[in-house]
Amino acid sequence: MSRSDVLVDADWVQSHLGDDGLVLVEVDEDTSAYDKGHIKVAVKLDWKQDLQDKVRRDFVDRAGFESLLSARGISNDDTVILYGGNNNWFAAYAYWYFKLYGHHNVKLLDGGRKKWELDSRDLVTDVPHRAPTSYHATEQDQSIRAFRDEVVNAIGHLNLVDVRSPDEFAGRLLAPAHLPQEQAQRGGHVPTAKNVPWSKAAADDGTFKSDDELRALYGDQAGLDFSKDTIAYCRIGERSAHTWFVLHELLDQPNVKNYDGSWTEYGSLVGVPIEIGD
Amino acid sequence: MTGTGQASAGGCGASAGGIRVTEGVGNQAVVQGHVTSAGSPVLTGYARLLNADGEFVAEVPLGEDGGVTFYAAPGSWTLRVLAPGGVRVERSVTADIGKITELEVAV
């Protein structure tokens with residue numbers, strides 16, 4: 001896999017808007033951004049309403065994902081280009097989610113919505129109509145999804161990458177600083193985890209750094225052993241999907257999992273070890 | 001304590017402008033500001049909060065009034081504003097528990 005297989009830039013998207021077989025999808029937690037203006041022909045996915053089970057803390061099941069993509073007019077053969085706000089956190093999460101359910105022809109718009117806006121490119125409010133399809137998903141590919149017991153068993157053995165900010169890693173903050181600090185779970189991190197904030201992988205405009213810079217960041221600077229399997233986590237699994245994308249898709253590391261339970265699960269477990277401090 | 005905003009409690013995303021403080025500040029250390037250009041709110045742009053080491057901590061798109069709100073920890077922070085046309089402006093700010101630190105940023 002090379003960078004051009006998984007990433008497209010804004011110029012490329014601009015020149016391919018409306019191409020047959022290409023579906024542009026904006027993914028956000030707060031979809032009011034899409035409603036106020038989005039890239040022409042883009043459809044929207046709501047991270048919470050569309051991708052999370054309404055009752056359990058889990059993903060929509062295979063049938064639910066099939067219904068969702070069918071209703072959005074996305075076919076198995078379509079190339080899906082994902083973008084969103086928050087430096088593509090939720091778009092990266094959707095990318096990982098599409099891969100989980102077996103949609104392989106998917107790419108990210110480098111820099112996402114932010115780069116598009118900072119470039120002063122056009123946004124529209126027209127919602128495109130796409131005819132419904134009959135989408136078929138596969139069973140979840142569990143080779144890219146980690147669960148809590150795997151994380152506990154990985155302590156001291158595998159690479160654990162905590163991609164939250166240094167203050168969340170240390171336990172001084174319990175959530176990103178744009179949210180109120182009123183979470184109930186304990187602060188800190190999984191013992192032996194390296195703290196490599198997701199933001200170190202991206203430039204100010206949200207685009208990914210070069211492969212050489214990324215390899216140096218996780219290798220020489222953070223001390224990850226690339227010969228070992230890796231589990232990435234954050235607070236709810238979307239920032240770590242961004243890092244999963246970097247390690248698995250851009251740097252071609254073979255065994256990387258995203259722990260989507262992340263700190264909101266781990267920090268609330270009884271009986272597991274926690275470290276605090278930098 | 002705070003307004004409901006648009007970011008859900010279970011999520012991690014940043015709604016435009018962040019979640020404004022509408023009632024008491026409680027035990028939060030809030031950094032709140034407005035970004036203007038020639039006296040008018042800047043509507044398209046981003047504000048990011050950096051810690052004392054210059055590391056990224058959080059980012060929100062500017063709100064409809066050019067406003068931003070962050071829930072920091074006590075200490076020194078830098079607010080960096082990005083806007084179209086290569087605009088990049090920084091301001092230093094100190095946050096304290098139980099206080100809203102206000103700042104106006106002209107770009």
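Quick note on labels: first sequence line is chain A, next is B, and so on, each numbered from 1.
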Review point. Any donor-acceptor pair under 3.5 Å linking the side chain of A/Thr264 with the backbone of A/Arg235?
Key: yes
**Study point:** Part of B/Ala83 lying under 4.5 Å from any heavy atom of chain A
**Key:** backbone
Point to revise | Evaluation steps, side-chain contact (heavy atoms from CB on, under 4.5 Å), between A/Lys114 and B/Tyr46 | key: CA-CA 8 Å; A/Lys114 179 163 70 169; B/Tyr46 290 80; 3.4 Å; yes
Check your understanding: Looking at A/Phe208 versus A/His242, is the centre-to-centre ring distance below 6.0 Å?
Key -> yes
**Study point:** Structural part of A/Arg57 lying under 4.5 Å from a heavy atom of chain B
**Key:** neither
**Study point:** Atom group of B/Glu64 that falls short of 4.5 Å from chain A, counting heavy atoms
**Key:** side chain
Check your understanding: So do the side chains of A/Tyr95 and A/Phe245 get within less than 4.5 Å of each other, counting heavy atoms only?
Key -> yes
**Study point:** Side-chain donor-acceptor pair present, A/Thr207, A/Asp205, cut-off under 3.5 Å
**Key:** yes
Check your understanding: Checking B/Thr44 against chain A: side chain, backbone, both or neither under 4.5 Å from a heavy atom?
Key -> side chain
Practice item. Give, as side chain, backbone, both or neither, the part of A/Asp204 having an atom under 4.5 angstrom from any heavy atom of chain B. Key: both
Check your understanding: Under a 4.5 Å heavy-atom cutoff, which of B/Glu55, B/Arg48, B/Arg88 has the most pairs with chain A?
Key -> B/Arg48
Point to revise | Heavy-atom pair with the smallest gap, counting every atom of B/Leu50 and B/Phe56 | key: CD2-CA, 3.6 Å
Check your understanding: Where on B/Leu49 is there a heavy atom nearer than 4.5 Å to chain A: the side chain, the backbone, both, or neither?
Key -> side chain
Check your understanding: So what's closer than 4.5 Å to chain B heavy atoms on A/Glu117: side chain, backbone, both or neither?
Key -> both
